[in-house]
Amino acid sequence: MITLVPMKPRVRFAPSPTGYLHIGGARTALFNRLLALKTGGTFVLRIEDTDELRSTEESVQAIFDGLQWLGFNWDEGPIPSGGEKGPFGPYFQAARARKGIYQPYVDKLLAEGKAYKCYCTTEELDAMRRQAQLEKRPPRYDGRCRHLTAEQQAAFEAQGRKPVLRFRMPDDGATEFQDLIHGPLRFENKLLYDFIMVKASGYPTYNFACVIDDHLMEMTHIVRGDDHISNTPLQYQLYKALGWEPPIFAHLSMILGPDGTRLSKRHGHTGVQEYRKMGLLPEALTNYLALLGWSTTDSQQIFVPGELEQKFDISGCQKSPATFDPVKLNWMNGEYIRLLSKEQLLERALPYLQEAGVGTGVDKDLLCKIVALEQEKYKLLAEIPKLVDFFFLPEPVYDPKAVEKVLKKPEAPKVLEAMARRYAAVKDFNEVELEREARECAKELGFKAGQVFHPLRVSVSGRTEGPTLFRMLEYMGRDKVVKLLQKAAALCAA
RNA sequence: GGCCCGUUCGUCUAGCGGCCUAGGACGCUGCCCUCUCAAGGCAGAGACCACGGGUUCGAAUCCCGUACGGGCCGCCA
């Protein structure tokens with residue numbers, strides 16, 4: 001008898017290592033993790049590497065890297081540096097298969113007539129599917145090997161055919177279960193099919209290994225993408241055949257690309273690491289991902305650290321799919337960048353500056369101040385280098401449009417000469433003094449402040465937009481500023 | 001083709017029978033601030049709640065159809 005003892009939830013993220021960690025996978029991992037964090041439950045990482053052809057070591061590593069970068073720590077599972085943690089290992093399905101973990105259940109099902117050997121070849125199955133398509137029937141396996149006699153089986157074996165093991169699906173009745181997000185779900189058994197449990201290679205298939213492992217690892221909740229809804233009745237029947245109580249299911253809505261189809265490689269950036277390269281903050285990506293298919297009743301957008309797991313609730317999950325919006329993601333990243341202290345910002349920006357070769361060898365304090373100058377403008381860390389590079393070049397790259405618009409003004413040469421003289425002579429080369437000098441100069445020459453400010457900016461940065469002017473000049477230093485002003489004066493006089 | 005899931009501003013969403021002349025956020029437009037660009041503040045445009053029937057005194061909210069979209073139907077997961 002099952003007693004409903006209040007127990008700590010056990011949830012898992014179970015990716016297959018056939019590529020990098022993508023956005024959809026990251027969100028599934030996040031929701032599982034949030035559920036565990038909120039309830040004090042356990043978050044398990046299990047690698048579903050039963051596809052001998054497609055699973056790779058690099059993909060396993062990519063999944064580790066992606067999860068670690070996002071800060072999604074798991075309580076049980078493989079340890080990236082080697083080894084495993086947790087009492088239910090191994091956490092790689094291939095290793096579990098090699099250990100014979102699935103075998104007793106195969107034997108049991110076979111002995112009870114709940115599974116059987118199927119000798120159909122891939123070609124035969126393909127032909128069967130094509131034929132079914134032609135006759136507008138569902139392209140499902142028709143169960144032709146269900147009642148093979150011992151002689152027939154022996155004959156196939158004699159031909160050297162390797163059988164697969166299929167699960168014997170009930171012919172009638174219906175499979176019903178509750179889904180935390182979708183409510184009650186019901187499937188007619190006659191529409192289900194005898195899925196393969198064990199491949200000819202001896203490796204288990206997804207639908208089989210998944211059930212065995214979720215049970216053995218004592219999972220209480222299965223939170224996964226709703227592309228698995230159709231698999232669930234199959235798995236449910238397997239639980240029942242083994243006499244096990246199925247876990248609670250929650251199927252998350254899909255993430256769509258801008259064209260309304262499921263987000264995939266052809267939509268461009270779908271790998272978590274690509275977002276890292278672009279300069280997204282993991283906490284911003286996490287926040288954005290949480291809001292794809294989930295929300296609080298007040299539609300809160302930004303969550304401070306720790307708030308997400310506190311407020312997360314499966315009941316806030318959306319049934320309908322959500323379209324991924326990179327524009328909003330970038331906005332959110334900007335919000336997170338603005339939340340950083342100057343020092344934190346530099347720390348985050350450093351890899352991108354180094355990558356671009358900008359600011360190398362510059363005093364760290366100065367670099368910190370320079371980077372912070374435009375903090376409110378950044379949306380992506382990777383765009384920082386090109387916004388600050390002029391600080392570190394011997395002279396700026398002049399934007400032709402800026403030159404045309406500002407330095408070609410008739411008053412520009414006079415202004416710049418005057419300012420070069422003033423800045424060469426000013427006692428304290430600081431923000432306040434520099435602004436005072438500029439305003440004084442404007443008054444003296446009878447110009448508006450802007451007529452002085454704008455040429456100054458273009459002269460030293462080459463562009464019309466940039467950080468607040470006088471602090472920028474202060475950080476550049478007297479020598480460089482005066483030199484550039486003289487040079488620009490000559491340039492526009494010519 | 002069958003089965004399953006879904007459908008509120010361009011996008012993410014609030015809403016769970018009367019508080020909705022539908023709220024918030026991104027984006028967009030305008031104004032303010034201002035040394036530029038941003039950021040910030042304010043204002044605005046933007047959804048006949050897919051459509052058609054019911055149920056009800058009353059429906060975005062409940063029921064039934066239709067349409068459209070997505071998913072699955074693999075010795076992939």
Side-chain angles (χ1 to χ4, degrees), chain A residues 14-18 48-55 93 118 120-122 125-126 129 132-141 162-166 179 181-182 185-188 191-193 195-207 209-210 224-233 251 253-254 256 258 260-262 288 291-302 315-316 318-325 327-332 334 338 374-379 387 402 406 435 438-439 449-450 452-454 456-458 461 463-470 472:
Chain A
S16 62
T18 53
E48 308 220 321
D49 55 349
T50 52
D51 185 336
E52 317 93 298
L53 262 62
R54 273 171 279 206
S55 298
Q93 285 186 327
C118 168
C120 294
T121 62
T122 309
L125 292 171
D126 284 348
R129 271 191 286 272
Q133 293 273 31
L134 236 56
E135 295 170 22
K136 297 194 188 299
R137 288 193 338 262
R140 280 181 285 117
Y141 177 68
K162 279 262 195 239
V164 297
L165 256 42
R166 285 184 186 271
D179 184 286
I181 295 168
H182 293 271
L185 261 20
R186 179 192 159 91
F187 296 81
E188 293 295 329
L191 268 8
L192 270 22
Y193 66 106
F195 68 89
I196 294 175
M197 297 173 6
V198 180
K199 311 175 202 178
S201 66
Y203 272 97
T205 60
Y206 162 72
N207 277 129
C210 176
R224 76 228 306 190
D226 72 12
D227 48 339
H228 284 298
I229 286 185
S230 307
N231 284 322
T232 309
H251 287 96
S253 60
M254 297 276 86
L256 271 26
T261 63
R262 182 185 172 163
Y288 179 72
L291 255 22
L292 272 185
W294 174 79
S295 65
T296 57
T297 50
D298 60 353
S299 291
Q300 182 176 347
Q301 302 294 311
I302 307 288
S315 70
Q318 197 78 8
K319 290 179 191 153
S320 47
T323 305
F324 187 82
D325 180 7
V327 175
K328 183 165 180 180
L329 206 208
N330 287 355
W331 161 78
M332 192 167 277
R338 270 167 248 134
E374 294 179 270
Q375 179 160 10
E376 73 284 348
K377 197 177 303 179
Y378 306 138
K379 281 197 158 63
L387 285 171
V406 178
E435 178 163 1
R439 290 194 187 278
V452 174
F453 294 179
H454 298 317
L456 281 177
R457 176 185 301 287
V458 176
S461 73
R463 10 212 220 232
T464 52
E465 74 282 346
T468 184
L469 182 58
F470 301 103
M472 164 171 106

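Computed from heavy atoms alone, side chains included, the values below leave out hydrogens, waters and symmetry copies. Naming: A, B, ... by sequence-line order, numbering from 1 per chain.
- In this structure the side chain of A:Arg457 never reaches within 4.5 angstrom of the side chain of A:Val406, judged on heavy atoms.
- Between A:His182 and the phosphate of B:G6, there is a side-chain N or O to OP1/OP2 separation shorter than 4.0 Å.
- Put simply, the side chain of A:Val452 does not reach to within 4.5 Å of the side chain of A:Arg439, judged on heavy atoms.
- Contact annotation: side chain of A:Asn231 to base of B:A77, donor-acceptor pair present below 3.5 Å.
- Between the C1' atoms of B:C3 and B:U8, the separation comes to 28 Å (whole Å).
- With P as the reference atom, B:G46 and B:U36 are 32 Å apart, rounded to whole Å.
- B:A43 and B:U29 make up a base pair, with Watson-Crick or G-U wobble contacts both under 3.5 Å.
- For A:Tyr206, whose side chain is taken as the heavy atoms from C-beta onward, the closest listed nucleotide among B:A77, B:C76, B:C5 is B:A77.
- Partner assigned to B:G2 is B:C72, using Watson-Crick or G-U wobble distances below 3.5 angstrom.
- Taking atom P in both B:A43 and B:G23, one finds a spacing of 14 Å when rounded to whole Å.
- Straight-line distance between the C1' atoms of B:U13 and B:U7: roughly 14 Å, to the nearest whole Å.
- The CD1-C1' distance, from A:Ile181 to B:G71, rounds to 15 Å in whole Å.
- At the heavy-atom level, A:His251 lies nowhere under 4.0 Å from the strands shown.
- Annotation: the span from A:Lys199 atom NZ to A:Thr50 atom OG1 amounts to 4.5 Å, rounded to 0.5 Å.
- Nucleotide B:C35 has no partner under the Watson-Crick or G-U criteria, as no pair reaches both atom distances under 3.5 Å.
- Once rounded to the nearest 0.5 Å, the distance linking SG of A:Cys210 with CZ of A:Arg224 reads 5.0 Å.
- Remark: the separation of the C1' atoms in B:A22 and B:C33 is 33 Å, to the nearest Å.
- Remark: B:A67 base-pairs with B:U7; criterion is Watson-Crick or G-U wobble with both hydrogen-bond distances under 3.5 Å.
- A:Leu291 CG to A:Met332 CE: the interatomic distance, rounded to the nearest 0.5 Å, is 5.0 Å.
- Applying the salt bridge (Lys or Arg N to Asp or Glu O under 4.0 Å) criterion to A:Asp325, with sequence neighbours excluded, gives no partner residue.
- Here, B:C48 and B:G74 have their C1' atoms 46 Å apart, quoted to the whole Å.
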Check against side chain to side chain contact (heavy atoms under 4.5 Å, CB included), A:Asn207 and A:Met197: CA-CA 7 Å; A:Asn207 277 129; A:Met197 297 173 6; over 6 Å; no

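- Atom CG of A:Leu191 is separated from atom P of B:C3 by 6 Å (rounded to the nearest Å).
- Between A:Glu135 atom CD and A:Gln133 atom CD the span is 11.0 Å, to the nearest 0.5 Å.
- A:Val327 comes within 4.0 angstrom of sugar-phosphate atoms only, judged by non-hydrogen atoms across all strands, and of no base.
- Ion pairing between a basic and an acidic side chain is recognised when a charged N comes within 4.0 Å of a carboxylate O; A:Glu52 and A:Arg54 show no such pairing.
- Applying the 4.0 Å criterion to OP1 and OP2 of B:A77, one finds that A:Arg224 has every side-chain N and O outside that range.
- A:Arg140 comes within 4.0 angstrom of sugar-phosphate atoms only, judged by non-hydrogen atoms across all strands, and of no base.
- Atom CG of A:Asp227 is separated from atom C1' of B:G6 by 14 Å (rounded to the nearest Å).
- In this structure, B:C62 and B:G54 make a Watson-Crick or G-U wobble pair, each of the two defining distances being under 3.5 angstrom.
- Residue A:Tyr141 contributes atom OH, which lies 12 Å from atom P of B:G74 at whole-angstrom precision.
- Residue A:Leu256 is out of contact with every strand shown, counting any heavy-atom pair closer than 4.0 Å.
- Atom CD of residue A:Gln301 and atom NZ of residue A:Lys328 lie 4.0 Å apart, to the nearest 0.5 angstrom.
- Position along RNA chain B of the nearest nucleotide to A:Glu188 versus A:Phe470 favours A:Glu188 as the more 5'-ward residue.
- Listed by chain and number, the residues in a side chain to side chain contact (heavy atoms under 4.5 Å, CB included) with A:Ala14 are A:Arg12, A:Arg46, A:Glu48 (sequence neighbours excluded).
- To the nearest whole angstrom, the two P atoms, one in B:C4 and one in B:U66, are 13 Å apart.
- Using a 4.5 Å heavy-atom cutoff, the side chains of A:Thr232 and A:Leu185 are not in contact.
- Residues A:Pro17 and A:Ser55 have side chains in contact (heavy-atom distance under 4.5 Å, counting atoms from C-beta outward).
- Between the P atom of B:U7 and the CE atom of A:Met254 lies a distance of 15 Å, rounded to the nearest Å.
- Residue A:Thr261 is classed as a sugar-phosphate contact, given heavy-atom separations below 4.0 Å to backbone atoms only.
- Protein atom CE of A:Met472 is 20 Å distant from nucleotide atom P of B:U34, rounded to whole Å.
- Distance check on atom P: B:G27 versus B:A38 gives 12 Å, rounded to whole Å.
- As judged by a 4.0 angstrom heavy-atom cut-off over every strand, A:Ser16 is placed among residues touching the sugar-phosphate backbone only.
- Within the nucleic acid shown, A:Phe187 comes within 4.0 Å of sugar-phosphate atoms alone, with no base atom in reach, counting heavy atoms only.
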Under 4.0 Å protein heavy-atom contact, by nucleotide of nucleotides 36-51 of chain B - B base, S sugar-phosphate only: BBBSS-----------

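- For A:Asn231, the side chain to side chain donor-acceptor pair (under 3.5 Å) partners are A:His228, not counting sequence neighbours.
- Taking the six-membered ring for Trp and thresholds of 30 and 60 degrees, A:Tyr288 and A:Phe324 have ring planes more than 60 degrees apart, a perpendicular arrangement.
- Contact annotation: A:Arg129 reaches the phosphate of B:G74 (side-chain N/O to OP1 or OP2, under 4.0 Å).
- Between the CG atom of A:Asn330 and the C1' atom of B:C26 there is a distance of 11 Å, rounded to whole Å.
- Look at CZ on A:Phe195: it is 12 Å from P on B:A77, rounded to the nearest Å.
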Protein N or O to nucleotides 10-13 of chain B N or O, pairs below 3.5 Å:
unit_1: B:C12; atom_1: OP1; unit_2: A:Thr323; atom_2: N; d: 2.9
unit_1: B:C12; atom_1: OP1; unit_2: A:Thr323; atom_2: OG1; d: 3.2
unit_1: B:C12; atom_1: O2'; unit_2: A:Leu291; atom_2: O; d: 2.8
unit_1: B:U13; atom_1: OP1; unit_2: A:Gly293; atom_2: N; d: 2.5
unit_1: B:U13; atom_1: O3'; unit_2: A:Ser295; atom_2: OG; d: 2.8
unit_1: B:U13; atom_1: O2'; unit_2: A:Ser295; atom_2: OG; d: 3.4
unit_1: B:U13; atom_1: O2'; unit_2: A:Ser299; atom_2: OG; d: 3.3

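- Of all the residues in residues 196-205 of chain A, A:Ile196, A:Lys199, A:Ala200, A:Thr205 reach under 4.0 Å from RNA chain B with at least one non-hydrogen atom.
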